[in-house]
Number of protein chains: 2
Amino acid sequence: MNVLIVEDEKGLALEIDEFLSHEGFTIEHAHTKNVASEKIFVNNYDFILLDLTLPDGDGFDLLQMLKGLKDRDDAIIILTARGAVDDKVHGLEQGADDYLAKPFSLNELLARMHAITRRKHKLESNDITVKEFRINIQNRTVHYNLERINLTKKEFEIFNYLVLNKNRVISRTNLTEHVWGDVLEINSDSNFVDVHVKNLRKKLSQFEPIEWFETVRSIGYRVNI
Amino acid sequence: MNVLIVEDEKGLALEIDEFLSHEGFTIEHAHTKNVASEKIFVNNYDFILLDLTLPDGDGFDLLQMLKGLKDRDDAIIILTARGAVDDKVHGLEQGADDYLAKPFSLNELLARMHAITRRKHKLESNDITVKEFRINIQNRTVHYNLERINLTKKEFEIFNYLVLNKNRVISRTNLTEHVWGDVLEINSDSNFVDVHVKNLRKKLSQFEPIEWFETVRSIGYRVNI
DNA sequence: GTTACAACTTAAATTAATCGTAAAATTGCC
DNA sequence: GGCAATTTTACGATTAATTTAAGTTGTAAC
């Protein structure tokens with residue numbers, strides 16, 4: 001999953017980056033409101049971590065702008081130094097998904113992010129299952145019944161994203177955006193998505209046939225039920 | 001559906017091309033105002049993506065020219081550098097259907113295009129239904145009740161176009177233009193439309209008789225209600 | 001009924017998209 | 001720095017979609 005960190009304090013931004021990268025997220029940064037708004041226009045994000053006090057203006061504007069866009073469902077988590085209850089209420093009213101007051105623990109942030117994922121996809125726990133396969137989004141593990149399947153980072157991200165969006169066709173562009181990050185930087189006449197999908201399928205199909213993991217020719221992939 | 005990209009920045013034009021092609025659109029390019037106006041005279045488009053600043057003149061002229069033509073309903077989306085509020089107002093006054101400031105998200109563009117399609121055809125959602133058949137223009141899927149029907153790209157485009165223009169006779173030329181693109185490049189004494197229509201009909205009629213999918217002799221096809 | 005043309009059908013040929021493999025490049029870790 | 005694992009590139013093989021081609025059927029005018 002991809003994350004945009006909108007934060008001008010570079011030390012904090014880097015700290016979050018390091019931590020979340022380690023947890024398997026793809027990170028992008030914006031140190032100002034302007035850079036952030038350009039990035040938001042150009043990409044879709046799974047999460048936007050938004051500091052409210054930015055050098056070139058108030059973060060609330062970004063929030064409002066984002067809420068004005070159609071067909072987006074980036075989750076927004078507000079980060080701010082202000083302990084002000086007003087900001088919190090105001091932020092959540094404007095449509096933010098959660099709120100963290102600085103200083104906060106990185107594990108707390110991660111826990112909130114997982115909670116949002118569960119809410120967004122209407123999951124009851126950290127486990128998602130497809131047939132006998134079980135994905136745990138918190139531990140980033142996949143099991144077949146009791147047996148652990150070792151997936152690489154990219155394989156896990158692809159599987160996770162397709163399963164979270166089950167029964168929908170996910171185009172290669174969409175998959176690329178969420179697993180690899182910034183679409184514009186990517187050489188698209190490459191077949192790296194196909195290769196990872198192939199390797200993933202190989203690992204999964206050791207356990208049982210995976211006819212539910214379809215290719216939708218000329219569009220992308222779809223995981224059914 | 002076919003799209004004309006009127007944009008002199010070739011990198012951007014190619015990027016849009018690649019993205020929209022993957023989403024099933026047929027793309028043509030015009031890098032100058034002159035080429036664009038020639039193409040517009042010769043073909044009808046579902047969408048024209050119009051950059052206002054072109055090397056050989058102002059895009060507004062094209063907009064006015066197009067609005068002067070009778071019996072056209074190409075949807076026009078203006079693309080221009082951010083902040084030019086005047087351009088936006090002026091453009092929409094002149095009859096553009098929407099406006100996107102650069103840089104914009106390709107997904108945002110796609111969402112706007114779907115919105116315009118819905119508006120143009122007075123649809124309330126992304127679903128269009130004919131009897132028990134349901135087309136979803138966003139996911140590019142067709143269902144019969146709950147069962148999914150697998151159509152190829154061309155089959156889907158034909159069905160979609162005929163259904164969007166239901167109760168009207170659609171000529172082979174018209175269908176060719178919108179599904180395949182540039183009419184002049186196409187060998188017209190071929191029967192490829194017939195072949196695809198036949199295959200499409202075969203797939204649909206597995207579910208129920210499709211007497212509403214008529215052939216209008218020596219003119220074309222029509223889908224009734 | 002005959003003729004002329006349009007549409008339909010089928011199968012083969014062509015083209016395009018995806019899959020599979022392996023080697024090259026990169027990354028992460030000790 | 002060097003080794004192992006992962007990611008990416010490159011390319012031939014495979015499979016599916018599209019187009020061509022040729023024959024057949026249907027329709028309307030004479």
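Just so it is clear, the values below take in all heavy atoms, side chains as well, and ignore hydrogens, waters and symmetry mates. Chain identifiers are assigned alphabetically (A, B, ...) following the order of the sequence lines, protein sequences preceding nucleic acid strands; residue numbering begins at 1 within each chain. The structure displayed is predicted, hence computed values, not measured ones.
Inter-residue side-chain proximity for B/Phe19 and B/Leu109 is flagged as unmet; no heavy-atom pair is nearer than 4.5 Å. Using a 4.5 Å heavy-atom threshold, the side chains of B/His121 and B/Asn165 count as touching.
Side-chain proximity of A/His196 to D/dT20, C/dC5, D/dT7: nearest is D/dT7. For B/Lys154, the side-chain atoms get nearest to D/dT19 when compared with the rest of D/dT19, C/dC19, C/dT18.
Using a cutoff of 4.0 Å between basic side-chain nitrogens and carboxylate oxygens, A/Arg140 and A/Glu23 are not scored as salt-bridged. Salt-bridge formation is detected for the pair A/Lys102/A/Glu7: a Lys NZ or Arg NE/NH1/NH2 atom is positioned less than 4.0 Å from an Asp or Glu carboxylate oxygen.
You'll find a donor-acceptor pair under 3.5 Å spanning the side chain of B/Asn191 and the base of C/dT9, going by distance alone.
Between the B/Asp97 side chain and the B/Ile76 main chain, a donor and an acceptor come within less than 3.5 Å of each other.
Residue A/Lys153 is classed as a sugar-phosphate contact, given heavy-atom separations below 4.0 Å to backbone atoms only. Nucleic acid contact for B/Val195: base, since at least one base atom lies under 4.0 Å from a heavy atom of the residue. As judged by a 4.0 angstrom heavy-atom cut-off over every strand, B/Ile219 is placed among residues touching the sugar-phosphate backbone only.
Each of A/Lys198 and A/Val216 was assigned the nucleotide of DNA chain C with the nearest heavy atom; the assignment lying further toward the 5' end belongs to A/Val216.
Classified by interplanar angle (parallel below 30°, tilted 30° to 60°, perpendicular above 60°), the ring pair B/His196/B/Trp180 is tilted.
Phosphate proximity of C/dA17 to A/Tyr221: absent, as no side-chain N or O sits under 4.0 Å from OP1 or OP2. Within the structure, a side-chain polar atom (N or O) of A/Arg172 is placed less than 4.0 Å from OP1 or OP2 of C/dT18. In terms of phosphate contacts, B/Thr152 brings a side-chain nitrogen or oxygen within less than 4.0 Å of OP1 or OP2 of D/dT18.
Between the axis at the start and the axis at the end of the helix from C/dG1-D/dC30 to C/dC30-D/dG1 there is an angle of 30°, using five pairs per end and rounding to 10 degrees.
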